[in-house]
Every structure is written in structure tokens, then in C-alpha cells.
Colleague: 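Quick one: structure below, then a few questions.
Numbering starts at 1 and runs along the sequence shown.
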Amino acid sequence: LSLLGHWILDAVVLRWASLTERFAFRQGVTSGDVLPLLLVKPEAERATSIARQAFERAGLNRCTWSGKALPRGFVVDHAIPFSLWGNNDLWNLMQVDAKVNGKKSDKLPSAQLLMERKSAILEDWDVLRTAMPDAFDRQASHLLGSAMQGAAPVTNVLFSRFKEAVEVTALQRGVARWTL
């Protein structure tokens, strides 16, 4: 659903409105009454403070994307931009130099950049998983479509699935790719 949910959302909303109309026909509720309520989208927050705290405690001082030393202030970047997925899962959050993040903006990292920076991404994931193992594993399990088992998925299967999610998002949304 995280990859294809936006394709089926409208169908589910319409079906839900129709079902609600059938159940509430005696009260005079119509699909037209229900649809506006179902289409209200809550404003999701860019929740990165927990990841920021974990990165600060770990003492890493390099930008995930560029590999360069971070200045005192860094930002937490959504690898798959928040504007595309609204996803604050820990596996999607990287510590990044603010200038680099400004250049990346709402673009997706290129496949080549992901491969070049794989070790830095895995290091970020290790920090976040060490700080919040239950949350990281639960969120990563959603991306994987199966439960996390030991450390192996973090280094191999999870990274492959992450790369695939970036590629599918790029194809589905027609989003510009970003390289350094």
C-alpha cells in the first residue's frame, strides 16, 4: 500500500462513501454529504526531531549524501521526499548538511548516488536502529512487507527494498533525480 496506495485511494474513498450512504439512508445521508469529509487530508508533520537526537547522541559528523564533515548544525533529510510520501519512518531519515539538503530539495536520489552512499545510509540506519530498535524494525517491516529478522535485512534486503521504493516512486511520480 505504501507504494500503490495513491492509485487506489480514490476508489476506496468512493466505495466508502457509497457504503456509508447505504447504511445511513434512513437519516438522509448521501454520498455527496460524506465525500467532502472523507477527502479531508490531515496535515502530516515532518517529524524529524527523534532522528536528530539519535544522530547527535551518536556523534556522527558526516553528511550522508556528500560524505563531507558536517558543520555544527545539520538537517534531517527525507531520502524519499516528504512531499511525495509524507513518510517519517526512521529508514527514510538521513543526516545531511543543510546546503546539500537545499540542493536536493524534493528530488529523489539517483540510483548511482544510493549505491555510492550505501555504507553511509547503512550507518545512519544502524544509529537509528540502535537508538529505537522496536520503532525502526516495525517501520522497516512495513517497507519490506515482512517482519525484520536479525541484522541481515538492515544491510541487504532493506537497502534493496529502499532502492526499489525510490525507483518506483520516480517512475510513478515522474520526479527529478538528484546527484551531487
Colleague: Looking at Arg173 and Leu84, would you say the former's side chain and the latter's main chain have a donor-acceptor pair under 3.5 Å?
Modeller: yes
Colleague: Taking the six-membered ring for Trp, are the ring centroids of Trp125 and Phe162 within less than 6.0 Å of each other?
Modeller: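 Yes, close enough.
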Colleague: What's the shortest heavy-atom distance between Ala17 and Ser31, and which atoms?
Modeller: O-OG, 3.5 Å
Colleague: Would Gln95 and Val76 count as a side-chain contact (heavy atoms from CB on, under 4.5 Å) here? Give the steps.
Modeller: CA-CA 5 Å; Gln95 65 173 352; Val76 176; 5.5 Å; no
Colleague: Sequence neighbours left out, what passes side-chain hydrogen bond (donor to acceptor under 3.5 Å, both in side chains) with Arg177? Give chain and number order.
Modeller: Glu167
Colleague: How many angstroms lie between CZ in Phe136 and OG in Ser141, if you round to the nearest 0.5 Å?
Modeller: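 Atom-to-atom, Phe136:CZ and Ser141:OG are 9.5 Å apart.
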Colleague: Is there a donor-acceptor pair under 3.5 Å between the side chain of Ser160 and the backbone N or O of Asn156?
Modeller: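 A pair under 3.5 Å: yes.
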Colleague: Is the backbone N or O of Lys68 less than 3.5 Å from a side-chain atom of Ser66, with the two atoms forming a donor-acceptor pair by type?
Modeller: yes
Colleague: To the nearest 0.5 Å, how far apart are CD in Glu164 and OG1 in Thr169?
Modeller: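 Result: 10.0 Å between the selected atoms.
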Colleague: How long is the span from the OG1 atom in Thr20 to the CZ atom in Arg22, to the nearest 0.5 Å?
Modeller: 10.0 Å
Colleague: Any chance you could lay out the side-chain contact (heavy atoms from CB on, under 4.5 Å) test for Met132 and Leu90, step after step, and finish with the verdict?
Modeller: CA-CA 9 Å; Met132 297 158 280; Leu90 295 170; 4.0 Å; yes
Colleague: What are the two closest non-hydrogen atoms of Ala54 and Ala131, and how far apart are they?
Modeller: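 Heavy atoms of Ala54 and Ala131 come nearest at CB-CB, 3.8 Å.
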Colleague: Do Asn87 and Ile80 touch side chain to side chain, with heavy atoms closer than 4.5 Å?
Modeller: no
Colleague: Are more than 12 heavy atoms from other residues, nucleotides or ligands located less than 6.0 Å from atom CZ of Arg15?
Modeller: no
Colleague: Of the non-hydrogen atoms in Leu158 and Leu144, which two are nearest, and what is the gap between them?
Modeller: CA-CD2, 3.8 Å
Colleague: For a side-chain contact (heavy atoms from CB on, under 4.5 Å) with His78, tell me which candidate from Asn88, Asn101, Val96 qualifies.
Modeller: Asn88
Colleague: Please tabulate, for side-chain N and O atoms in residues 112-120, each donor-acceptor pair with protein atoms closer than 3.5 Å (sequence neighbours left out).
Modeller:
residue: Gln112; atom: NE2; partner: Glu116; partner atom: OE2; Å: 2.8
residue: Arg117; atom: NE; partner: Thr64; partner atom: O; Å: 2.7
residue: Arg117; atom: NE; partner: Trp65; partner atom: O; Å: 3.4
residue: Arg117; atom: NH2; partner: Thr64; partner atom: O; Å: 3.3

Colleague: Hey, could you give me the CD/CD1 distance between Glu123 and Ile121, rounded to the nearest 0.5 Å?
Modeller: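 Reported value, rounded in 0.5 Å steps: 11.5 Å.
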Colleague: Is the NZ or CZ atom of Arg62 both under 6.0 Å from the centre of the six-membered ring of Phe74 and within 45° of that ring's axis?
Modeller: no
Colleague: Calculate, to the nearest 0.5 Å, the distance between atoms CG and CZ belonging to Asn92 and Phe82 respectively.
Modeller: 10.0 Å
Colleague: When you group the ILVMFWY residues by side-chain heavy-atom contacts below 4.5 Å and let the links chain together, are Leu35 and Trp16 in the same group?
Modeller: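 The answer is yes; both residues are in one hydrophobic cluster.
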Colleague: Is atom NZ of Lys107 surrounded by more than 12 heavy atoms (other residues, nucleotides or ligands) closer than 6.0 Å?
Modeller: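 For Lys107, atom NZ is crowded (more than 12 foreign heavy atoms under 6.0 Å).
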Colleague: Tell me the closest heavy-atom pair linking Val166 and Pro109, and the distance in Å.
Modeller: CG1-O, 3.5 Å
Colleague: Could you give the distance from CG (Asp124) to CG (Leu60), rounded to the nearest 0.5 Å?
Modeller: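 Those atoms lie 6.5 Å apart.
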Colleague: Consider only side-chain heavy atoms of I, L, V, M, F, W and Y, link residues closer than 4.5 Å, and tell whether Val13 and Val34 are in one cluster.
Modeller: yes
Colleague: Sorted by first residue and then second, give each salt bridge (charged side-chain N to carboxylate O under 4.0 Å, His left out) pair with at least one member in residues 86-104; sequence neighbours left out.
Modeller: Asp77-Lys104
Colleague: Does the side chain of Trp178 come within less than 4.5 Å of Leu108's, by heavy atoms?
Modeller: no
Colleague: What's the shortest heavy-atom distance between Leu70 and Cys63, and which atoms?
Modeller: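 Shortest heavy-atom contact: CG-N, 3.6 Å.
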